[in-house]
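Only one structure is covered here, and it is reproduced in the block below.
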There are 2 protein chains.
Amino acid sequence: MAEPLGFRPLYRQVKAIFVRRLVDGVWAPGEGLPSEGQLAAEIGVSQGTVRKALDELAAENLVVRKQGRGTFVAEHDERRILFQFFKLVPDQGERRFPDSAVLSVTTGVADAAEREALDLPARDKVIRIRRLRSFDAAPLIVETLSLPQRLFRGLEVDPIPNNLYSLYAARYGVTIAHARERLKAVALAPDDAVLLGVAARSPALQVDRLALALDGMPVERRLSLCLTEEAHYLSDLR
Amino acid sequence: MAEPLGFRPLYRQVKAIFVRRLVDGVWAPGEGLPSEGQLAAEIGVSQGTVRKALDELAAENLVVRKQGRGTFVAEHDERRILFQFFKLVPDQGERRFPDSAVLSVTTGVADAAEREALDLPARDKVIRIRRLRSFDAAPLIVETLSLPQRLFRGLEVDPIPNNLYSLYAARYGVTIAHARERLKAVALAPDDAVLLGVAARSPALQVDRLALALDGMPVERRLSLCLTEEAHYLSDLR
DNA sequence: AAGTGGTCTAGACCACATT
DNA sequence: ATGTGGTCTAGACCACTTG
């Protein structure tokens with residue numbers, strides 16, 4: 001009578017140890033990890049097992065490996081966000097990052113959609129950030145972010161940087177690991193159309209993003225309305 | 001004076017041998033590969049090196065590994081297409097595959113967009129398939145496919161199955177390995193709106209797909225107009 | 001019981017970056 | 001010269017599937 005339960009390979013247990021250290025901030029973004037040999041000796045497994053654990057973390061973009069230099073905790077620098085999280089690219093010209101103008105920062109009780117997405121109990125509060133993003137002063141995206149207030153205390157009192165994911169990591173120890181986006185084509189409401197400088201009822205690409213932390217906890221919801229006259233959402237199917 | 005050229009690890013050379021066999025159809029979809037040990041002995045490398053080559057092919061969905069059974073050439077069965085290539089999912093209910101009704105099959109000289117996408121010389125011909133796809137008789141997508149005629153001779157004279165990628169592989173030896181999609185929100189032209197049963201100028205999600213074969217050659221362009229009232233395009237950012 | 005892929009180890013050597 | 005990750009090997013054993 002063998003165990004009907006799943007088998008858990010050693011390298012996954014090692015990986016779990018490493019993820020724990022990332023979640024707890026023992027290893028902070030940008031920092032270099034100990035060498036494979038040191039980690040192997042510390043944990044008491046072979047170097048090959050550590051290697052396999054680190055390879056999986058690298059495949060998930062949680063660490064970056066550099067031959068001859070070492071293994072480093074991944075950062076949310078502009079380049080990474082541009083390629084991993086920002087899928088809207090100009091039809092012509094280089095892939096680049098838009099400017100952001102914050103329209104408002106408010107707090108309030110989460111509505112049904114926010115509670116559902118962020119897995120919040122009733123009456124929990126969220127911070128809402130509304131901003132307009134542009135390429136060369138040409139409005140491109142108007143978006144509303146919703147964040148659980150209990151995770152991001154004090155965020156609303158300071159200036160909002162363009163690169164939010166870097167701020168989440170540095171100030172709140174929250175690392176965005178991946179995201180799920182749901183896309184629809186919609187007709188713009190009059191007020192959004194005004195902000196984007198187009199006619200009401202113009203078609204726009206609506207992107208409903210839920211961003212998840214290292215441990216899988218949902219930490220940010222982002223509802224974006226994008227003009228796609230001169231840009232498109234790029235999706236690679238592999 | 002060392003070689004300034006790139007270093008090419010052994011397992012990648014082995015992988016290239018395997019890809020060659022897939023491209024040439026020596027190993028056909030669904031077929032089982034020789035065991036790792038046999039391949040290692042045949043090529044004259046260690047089993048670990050063969051393993052690393054096969055692991056990469058599995059990561060690219062070109063082969064499927066089944067513990068205790070063997071390694072198999074990936075097929076374009078319904079499940080794979082549903083998860084890898086069909087990103088439009090119902091807002092409520094299970095992920096599923098729409099029905100297809102072919103509207104027309106024609107041939108003609110490739111236009112500028114088709115030549116650009118498919119990398120065709122001037123005056124080359126394409127086969128165009130236009131079809132309407134529905135969930136439970138509710139129209140969802142109207143799409144036009146463009147295929148290089150020289151790759152798919154005779155395709156236009158036979159009935160068009162719902163699962164085209166399986167047909168490409170079985171009859172023309174063309175395996176679709178991955179695809180690149182560009183999304184925009186557009187207002188429906190009157191004739192497309194009629195087909196989809198909505199008002200003219202309704203917003204729709206336009207998906208411009210370019211599908212690439214194993215060797216990276218572009219082999220299919222597909223322009224889809226999707227209604228997103230009760231469905232959405234799902235994109236996972238990892 | 002036999003065959004397959006999956007894991008784990010130990011050691012040698014290579015490529016790359018830094019000192 | 002040293003230290004890092006990357007490759008390659010050989011062998012042992014484990015988990016899973018099939019006959």
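Just so we're on the same page: letters track the sequence lines, and every chain starts at 1. Computed over heavy atoms, backbone and side chain alike; hydrogens, waters and symmetry mates excluded.
Taking atom CG on B/L54 and atom P on C/dT4, their separation rounds to 13 Å, with Å as the unit. Atom CZ of A/R12 and atom P of C/dG6 are 12 Å apart (whole Å). Distance CD (B/Q47) to P (C/dT9): 18 Å, rounded to an integer number of Å. The interatomic distance linking A/L33 (CG) with D/dG3 (P) rounds to 19 Å, in whole Å. Taking atom CD of A/Q67 as the reference point, atom P of C/dT18 lies 12 Å away to the nearest angstrom. Note: CZ (B/F7) to C1' (C/dC13) measures 10 Å, nearest angstrom. Atom CD in A/Q13 sits about 12 Å away from atom P in C/dT7, given to the nearest Å. Per the geometry, CD belonging to B/E36 stands 6 Å off P belonging to C/dG6, to the nearest Å.
Under the ring pair (Phe, Tyr, Trp, His ring centres under 6.0 Å) rule, A/Y165 has a single partner from A/Y172, A/F86, A/F85, which is A/F85.
Within 3.5 Å, no donor on the side chain of A/R69 pairs with an acceptor on the base of D/dG3, nor the reverse.
A residue-by-residue look at A/G48 and B/Q38 shows that B/Q38 has its nearest nucleotide of DNA chain C further toward the 5' end. Position along DNA chain C of the nearest nucleotide to A/V45 versus A/G68 favours A/V45 as the more 5'-ward residue.
Taking the six-membered ring where tryptophan is involved, the planes of B/F152 and B/Y168 are tilted, since the angle between them lies from 30° to 60°.
Put simply, A/T71 has a side-chain N or O that comes within less than 4.0 Å of OP1 or OP2 on D/dG5. Dashed line: the shortest gap from a side-chain N or O of A/K52 to OP1 or OP2 of C/dT7 is under 4.0 Å. For B/T49, no side-chain nitrogen or oxygen approaches OP1 or OP2 of D/dT7 to under 4.0 Å.
Comparing D/dT7, D/dA15, C/dC8 by their closest approach to the side chain of A/S46 singles out C/dC8. In this structure, the nucleotide among D/dA15, D/dC8, D/dG6 sitting nearest to the side chain of B/L10 is D/dC8. Minimum atom distance to the side chain of B/R51 is reached by C/dG5, of the listed D/dC8, C/dG5, D/dG5.
Checking side-chain atoms of B/K184 against main-chain N and O of A/A231 turns up a donor-acceptor pair under 3.5 Å.
For B/S100 and B/N162, the side-chain atoms include at least one donor-acceptor pair closer than 3.5 Å.
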Q | side chain to side chain donor-acceptor pair (under 3.5 Å) between B/D91 and B/H232, worked out | A | CA-CA 6 Å; B/D91 291 342; B/H232 58 269; 2.6 Å; yes
